[in-house]
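See below for the structure under consideration.
Excluded from the calculations below are hydrogen atoms, water molecules and symmetry mates; all remaining heavy atoms, backbone and side chain alike, are included. These figures come from a predicted structure and were not determined experimentally. Lettering of chains follows the sequences in order, A, B, ..., and the numbering in each one begins at 1.
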Amino acid sequence: MTKLMSTQHLSEQEIIRREKLTELNKLGIDAYPAALYPVNTNSVFIKENYAQHPADKGVENKDQFTDVCIAGRIMSVRDMGKANFAVLQDAVGKIQFYIKQDDICPGEDKTMYQTVWKKLIDIGDIIGIKGYVFTTKTGETSIHVSEFTILTKSLRPLPIVKEKDGEAFDEVTDPEFRYRQRYADLIVNPSVKETFIKRTKMVNAIREFLNERGALEVDTPVLQSIPGGAAARPFSTHHNALDVPMYMRIANELYLKRLIVGGFEWVYEFSRNFRNEGMDRTHNPEFTVLEFYVAYKDYEWMMDTTEQMLDKAAMATNGTTKVMVGEKEIDFKAPYKRITMYDSIKEITGFDISEMDEAGIRHVCRELKIHADDKWGKGKLIDEIFGEKCEGTYIQPTFITDYPVEMSPLTKKHRSKPGLVERFELMCNGKEIANAYSELNDPIEQRERFEEQTKLMERGDDEAMFIDHDFLRALEYGMPPTSGIGFGIDRIAMLLTNQHSIQDVLFFPMMRPEKNDD
RNA sequence: GAAUUGGUAGCUCAGUUGGUAGAGCAAUACACUUUUAAUGUAUGGGCCCAGGGUUCGAGUCCCUGCCAGUUCACCA
């Protein structure tokens, strides 16, 4: 009954493929075999190495690749009657293969060619082929097949993308299809795979950079009872056995600092953070931040380290520090420009607000036609001016330093500039990609700053932070002078892979669940 | 949350002032033993996102909803 019902929803092509599967079974062929398939090379290796050999076109080179065995998905077939050309796609690329009736079926029985290959195999099926490499008349390195094996029958037709000279035709571009069915997107759009490979290269380079310098990669809790270390709305959940509310982490900062208290000098974590907020081109509810904390350092040292790390990450990802982002060329070569927030505002708006009080800054907001909410304190006003007028103008990587104390409850006061903290953000392509401090380690002052946050909360600021008493207890034992930083890994990946949307650097971006009629 | 664009065959898309759906690719059948967006001939394939409304008649016009994209708001 259920099978009958579900069959009614199948398209003509899906029904035909199921029938082919039945036919294969009747011939005694298992379309989902269990045995290992002895792959001994891959498409790219063959093409790169065979091409170096000056073989005559249309002639086989008897010296090398005489016995290859590869596996992959059939992406296209050109049927010439008793001989076919087809394209196989494996993990690294594509290669053409040539399959001829009298080679597959040397005897009288032509079933394997005429029935199995020509009738029962489809584009999208995964097969293994054995044979030798040759160059066709038109000069394309190909595999002359002597034997093929069905490894997996595909029951759902793939979106067909044709290509010629690197240009794709009828490319699948529908974002909903691509994000919901990333597996199909990856099969059909090779550039998608490239993006994710680059992302991993970038992450590996960063990890290597940190490990080389003696940093320790650690794991800290994702489920937290106090969602600390940032100001954001958390996802809440509940622990049944303990019968307590729990939250998905919005940041891991306070845990990493506890480890610095514990005596580690340099810890880092690629932290998946969760924030229950809006989604757009640059925000996904779960996203990745690299945070690291280093004892006995300050934010000046951190700027040096940051630019070296990103220089290396860019090199490892693209082989150069320069990257095209849309129309703009961005160069990650160290060092980067450094400018204080007050100087930036002065440079861009002409207003010197460094000596002003809250009323003066509100006046500047009016002059600049920036909305200034009554609930906001001085720090938030300054941040608003910077965000509205300055942030977007920094295309090349630029350190903005020395933030107002009100916006930075976890940051050490500036060594020489009253009202400011030792903090920087790294701007790139008009967006923040990293945020760093000389960490506040005075437990009494930290308690006071938390209390100021509580007042802001009472004043109506719903972004203010919760107090974490255990974290204060840790600070009371003594945390050495420490510099810490957080990098928006997804955003850096977007820059280094020239992707416009965060969804294009996440395999499975958040989507509203599909309605299921079953 | 607001504005805006879109949802038609497995895929990419057409669809005139409203008259019950078209193309290319894919599929099926046939031909072709070096093609490459192969080619040629023929055939099948649609709850036009969903629900209301206007109308003799709606893929098309109106309303509501669903899903997605973009921009804005929100998001240290």
Send over the distance from [X] [atom1] to [N] [atom2], rounded to a whole Å.
{"X": "A:Arg78", "N": "B:A26", "atom1": "CZ", "atom2": "C1'", "result": "15 Å"}
{"X": "A:Leu10", "N": "B:A9", "atom1": "CG", "atom2": "C1'", "result": "15 Å"}
{"X": "A:Glu14", "N": "B:G10", "atom1": "CD", "atom2": "P", "result": "8 Å"}
{"X": "A:Leu158", "N": "B:U12", "atom1": "CG", "atom2": "C1'", "result": "14 Å"}
{"X": "A:Ile502", "N": "B:G69", "atom1": "CD1", "atom2": "C1'", "result": "16 Å"}
{"X": "A:Arg156", "N": "B:G10", "atom1": "CZ", "atom2": "C1'", "result": "9 Å"}
{"X": "A:Phe177", "N": "B:A9", "atom1": "CZ", "atom2": "C1'", "result": "15 Å"}
{"X": "A:Gln114", "N": "B:C32", "atom1": "CD", "atom2": "C1'", "result": "12 Å"}

Give me the distance, rounded to whole Å, that separates [N] from [M] when you measure between the [atom1] atoms they each carry.
{"N": "B:C61", "M": "B:A38", "atom1": "C1'", "result": "46 Å"}
{"N": "B:G51", "M": "B:A31", "atom1": "P", "result": "45 Å"}
{"N": "B:U43", "M": "B:A50", "atom1": "P", "result": "30 Å"}
{"N": "B:G44", "M": "B:G7", "atom1": "C1'", "result": "26 Å"}
{"N": "B:G46", "M": "B:A9", "atom1": "C1'", "result": "6 Å"}
{"N": "B:A37", "M": "B:A21", "atom1": "P", "result": "36 Å"}

Give one of base, sugar-phosphate or nothing for [X], where a contact means two heavy atoms less than 4.0 Å apart.
{"X": "A:Asp165", "result": "nothing"}
{"X": "A:Gln503", "result": "sugar-phosphate"}
{"X": "A:Tyr437", "result": "base"}
{"X": "A:Glu171", "result": "sugar-phosphate"}
{"X": "A:Lys94", "result": "nothing"}
{"X": "A:His500", "result": "sugar-phosphate"}

Are side-chain heavy atoms of [X] and [Y] found at a separation under 4.5 Å?
{"X": "A:Ile382", "Y": "A:Ile361", "answer": "yes"}
{"X": "A:Ile104", "Y": "A:Trp117", "answer": "no"}
{"X": "A:Phe97", "Y": "A:Ile127", "answer": "yes"}
{"X": "A:Leu27", "Y": "A:Glu23", "answer": "no"}

Checklist entry - Taking only residues two or more places apart in sequence, or in another chain, which ones meet A:Glu448 in a side-chain hydrogen bond (donor to acceptor under 3.5 Å, both in side chains)? => result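 side-chain hydrogen bond (donor to acceptor under 3.5 Å, both in side chains) check on A:Glu448 returns nothing, list empty.
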Item to check | Non-neighbouring partners of A:Tyr394 that pass side-chain hydrogen bond (donor to acceptor under 3.5 Å, both in side chains), sequence neighbours left out | outcome: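 A:Tyr394 satisfies side-chain hydrogen bond (donor to acceptor under 3.5 Å, both in side chains) with A:Ser344 only.
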When you measure from the side-chain N and O atoms of [X] to the phosphate of [N], is any distance below 4.0 Å, counting only OP1 and OP2?
{"X": "A:Lys164", "N": "B:A37", "value": "yes"}
{"X": "A:Lys20", "N": "B:U28", "value": "yes"}
{"X": "A:Lys119", "N": "B:C30", "value": "yes"}
{"X": "A:Gln96", "N": "B:U34", "value": "no"}
{"X": "A:Arg512", "N": "B:C66", "value": "no"}
{"X": "A:Lys82", "N": "B:A31", "value": "no"}

Next on the checklist: For a quick test of reading the model, state the closest non-hydrogen atom pair linking A:His283 to A:Arg491 and the distance between them.
Outcome noted: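 Result for this residue pair: NE2-NH2, 3.3 Å.
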Checklist entry - Which atom names give the shortest non-hydrogen contact between A:Leu381 and A:Ala372, and what distance separates them? => result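 Shortest heavy-atom contact: CD2-CB, 3.6 Å.
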What protein N or O atoms touch nucleotides 39-47 of chain B N or O atoms at under 3.5 angstrom, if any, and at what distances?
residue : atom : partner : partner atom : Å
B:G44   : O2'  : A:Glu12 : OE2          : 3.1
B:G44   : N2   : A:Glu12 : OE1          : 2.3
B:G44   : N3   : A:Glu12 : OE1          : 3.3
B:G44   : N3   : A:Glu12 : OE2          : 3.4

Output the single nucleotide from [options] whose closest atom is nearest the side chain of [X].
{"X": "A:Val172", "options": "B:C32, B:U12, B:U34", "result": "B:U12"}
{"X": "A:Asp122", "options": "B:U70, B:U35, B:U28", "result": "B:U28"}
{"X": "A:Leu410", "options": "B:A76, B:A29, B:A68", "result": "B:A76"}
{"X": "A:Phe169", "options": "B:U70, B:A76, B:A37", "result": "B:A37"}
{"X": "A:Met80", "options": "B:A38, B:U70, B:A76", "result": "B:A38"}
{"X": "A:Arg180", "options": "B:A26, B:A76, B:C67", "result": "B:C67"}
{"X": "A:Asp170", "options": "B:A76, B:G24, B:A68", "result": "B:G24"}

My understanding is that a pair needs two contacts under 3.5 Å, Watson-Crick or G-U wobble. By that rule, which nucleotide pairs with [N]?
{"N": "B:U16", "result": "none"}
{"N": "B:C72", "result": "B:G1"}
{"N": "B:U34", "result": "none"}
{"N": "B:A42", "result": "B:U28"}
{"N": "B:G51", "result": "B:C63"}

Checklist entry - Does A:Asp402 have any salt bridge (Lys or Arg N to Asp or Glu O under 4.0 Å) partners at least two apart in sequence or in another chain, and if so, which? => result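 Only A:Lys417 meet the salt bridge (Lys or Arg N to Asp or Glu O under 4.0 Å) criterion with A:Asp402.
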Item to check | Main-chain N/O of A:Ser154 paired with A:Arg17 side-chain donor or acceptor, under 3.5 Å | outcome: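 Side chain of A:Arg17 to backbone of A:Ser154, a donor-acceptor pair under 3.5 Å: yes, one is there.
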Next on the checklist: Is it the case that B:U35 (base atoms only) and A:Glu140 (side chain only) share a donor and an acceptor within less than 3.5 Å, ignoring hydrogens and angles?
Outcome noted: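 No, the side chain and the base share no sub-3.5 Å donor-acceptor pair.
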Item to check | Syn-anti status, with the boundary at 90° from 0, for the nucleotide B:U20 | outcome: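 What B:U20 shows is a syn base, its glycosidic angle lying within 90° of 0.
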Item to check | 5' priority, RNA chain B, between A:Asp383 and A:Glu163 [closest heavy atom] | outcome: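 Its nearest nucleotide being more 5', the pick is A:Glu163.
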Checklist entry - Nearest nucleotide by nearest heavy atom, which residue falls closer to the 5' end of RNA chain B, A:Gly81 or A:Thr173? => result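 Mapping each residue to its closest nucleotide by heavy atoms, the 5'-most match is A:Thr173.
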Next on the checklist: Restricting to ring-ring contact (aromatic ring centres under 6.0 Å, His included), what partner residues turn up for A:Phe196, sequence neighbours left out?
Outcome noted: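 In terms of ring-ring contact (aromatic ring centres under 6.0 Å, His included), with neighbours along the sequence ignored, A:Phe196 is linked to A:Phe507.
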Item to check | RNA chain B-proximal residues of residues 268-281 of chain A, any heavy atom under 4.0 Å | outcome: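 The stretch gives A:Glu277, A:Asp280, A:Arg281 as the residues lying under 4.0 Å from the strand, ordered by number.
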Checklist entry - Between A:Arg182 and A:Phe508, is NZ or CZ placed under 6.0 angstrom from the six-membered ring centre and within 45° of the ring axis? => result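 Relative to the ring axis of A:Phe508, which defines the angle, A:Arg182 lies outside at least one limit.
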Checklist entry - Taking the six-membered ring for Trp, are A:Tyr132 and A:His144 parallel (under 30°), tilted (30 to 60°) or perpendicular (over 60°)? => result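 Parallel.
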Item to check | Identified side chain to side chain contact (heavy atoms under 4.5 Å, CB included) partner of A:Arg449 from the options A:Leu410, A:Asp442, A:Val405 | outcome: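 Single side chain to side chain contact (heavy atoms under 4.5 Å, CB included) partner of A:Arg449 among A:Leu410, A:Asp442, A:Val405: A:Val405.
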